[in-house]
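Okay, structure first, notes after.
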Amino acid sequence: MEKIDNLDRKILQIVMHNARIPSKDVALVCGVSRAAVHQRIQRLIDMKVITGSGYHVNPKILGYATCTYIGVNLERGAMYSDVVPELEKIPEVVECHFTTGPYTMLIKLFARDNEHLMELLNKKIQMIPGVTGTETLISLDHSIHREIPVRLEGEDIN
């Protein structure tokens, strides 16, 4: 895998905070040409350092007031690859992780309200073959949402 250098890191620091910033503005801060910034960003995408871009949508504004984390237990951990496609069919499920600890999987979903949540649990998630149990944790507040920090080489972590 190719290494990223300090220019790549500086570009990442900038675009992570504003993906819509014009390349000319990034180039100005970094002291390089707009073409260099564009080429670097494309290379970072090709290397899968940058894995997406887009807008973050507020689920509450769209009517999804309840954010929930659900620990899912399976008959066998190996069933994970069979259960994931079934969870993908549920549009309210926005994340799925194969985990260690008390659950085989941890999923995050948004529901309109508690009634909708109960419907998702009882009629969809718990009906997936291999699911033996679930534990539901409702998020009361979302306090921190950020990307992992990108540090320049030689920069202190603190």
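For the numbers below, each heavy atom of this structure counts, side chains included, while hydrogens, waters and symmetry mates do not.
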Drop me the distance from [X]'s [atom1] to [Y]'s [atom2], to the nearest 0.5 angstrom.
X      : Y      : atom1 : atom2 : answer
Ile41  : Ile50  : CD1   : CD1   : 5.5 Å
Leu121 : Asn114 : CG    : CG    : 10.0 Å
Tyr69  : Glu135 : OH    : CD    : 15.0 Å
Leu44  : Gln39  : CG    : CD    : 12.0 Å
Arg9   : Ile11  : CZ    : CD1   : 12.5 Å
Ile125 : Thr134 : CD1   : OG1   : 7.0 Å

Using the salt bridge (charged side-chain N to carboxylate O under 4.0 Å, His left out) criterion, which residues pair with Asp5? Sequence neighbours excluded.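 Applying salt bridge (charged side-chain N to carboxylate O under 4.0 Å, His left out) to Asp5 gives Arg40.
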
Go through the structure and list residues passing salt bridge (charged side-chain N to carboxylate O under 4.0 Å, His left out) with Lys89, not counting sequence neighbours.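 Lys89 satisfies salt bridge (charged side-chain N to carboxylate O under 4.0 Å, His left out) with Glu86 only.
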
Please determine whether residues [X] and [Y] belong to a single hydrophobic cluster, defined as Ile, Leu, Val, Met, Phe, Trp and Tyr linked transitively by side-chain heavy-atom distances below 4.5 Å.
X      : Y      : value
Tyr80  : Ile70  : yes
Val72  : Phe98  : yes
Met47  : Leu152 : no
Met118 : Leu120 : no
Val57  : Val94  : yes

Decide side-chain contact (heavy atoms from CB on, under 4.5 Å) for Asn73 and Val131; before the verdict, give the C-alpha distance in whole Å, the side-chain angles of both, and the deciding distance to 0.1 Å. CA-CA 6 Å; Asn73 286 312; Val131 172; over 6 Å; no

Identify the two heavy atoms, one from [X] and one from [Y], that lie closest to each other, and give their separation to 0.1 Å.
X      : Y      : value
Lys108 : Cys67  : CE-SG, 3.7 Å
Leu87  : Val93  : O-CB, 4.0 Å
Pro129 : Val83  : O-CG2, 3.9 Å
His142 : Ile144 : NE2-O, 3.1 Å
Met79  : Gly130 : CE-CA, 3.4 Å
Ala111 : His116 : CA-ND1, 3.4 Å

Is it the case that atom [atom1] in [X] sees more than 12 heavy atoms from other parts of the structure closer than 6.0 Å?
X      : atom1 : value
Arg43  : CZ    : yes
Glu95  : CD    : yes
Glu147 : CD    : no

Between the main-chain N or O of Gly77 and the side-chain N or O of Thr104, is there a donor-acceptor pair closer than 3.5 Å?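 Looks like no, no N/O pair under 3.5 Å.
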
Under a 3.5 Å distance rule, please check whether Asp141 uses its side chain to pair with a backbone N or O of Ser143 as donor and acceptor.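 Here the side-chain-to-backbone pair does not exist.
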
Side-chain atoms of residues 12-20: list all donor-acceptor pairs with protein atoms under 3.5 Å, sequence neighbours left out, distances to 0.1 Å.
residue, atom, partner, partner atom, Å
Gln13, NE2, Val150, O, 2.7
Asn18, OD1, Arg20, N, 3.0
Asn18, OD1, Ile21, N, 3.4

Do [X] and [Y] come close enough that some side-chain heavy atom pair is under 4.5 Å?
X      : Y      : answer
Val49  : Asp8   : no
Leu109 : Leu117 : yes
Gln42  : Ile45  : yes

Take Ile128 and Lys124, measure what side-chain contact (heavy atoms from CB on, under 4.5 Å) needs, and give me the verdict at the end. CA-CA 7 Å; Ile128 296 172; Lys124 293 192 177 184; over 6 Å; no

Can you label the angle between the His56 ring and the His145 ring as parallel, tilted or perpendicular, going by 30° and 60°?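 Geometry flag for His145 against His56: perpendicular rings.
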
Could you verify whether a donor N or O on one side chain and an acceptor N or O on the other, from Glu92 and Tyr64, lie under 3.5 Å apart?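 No.
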
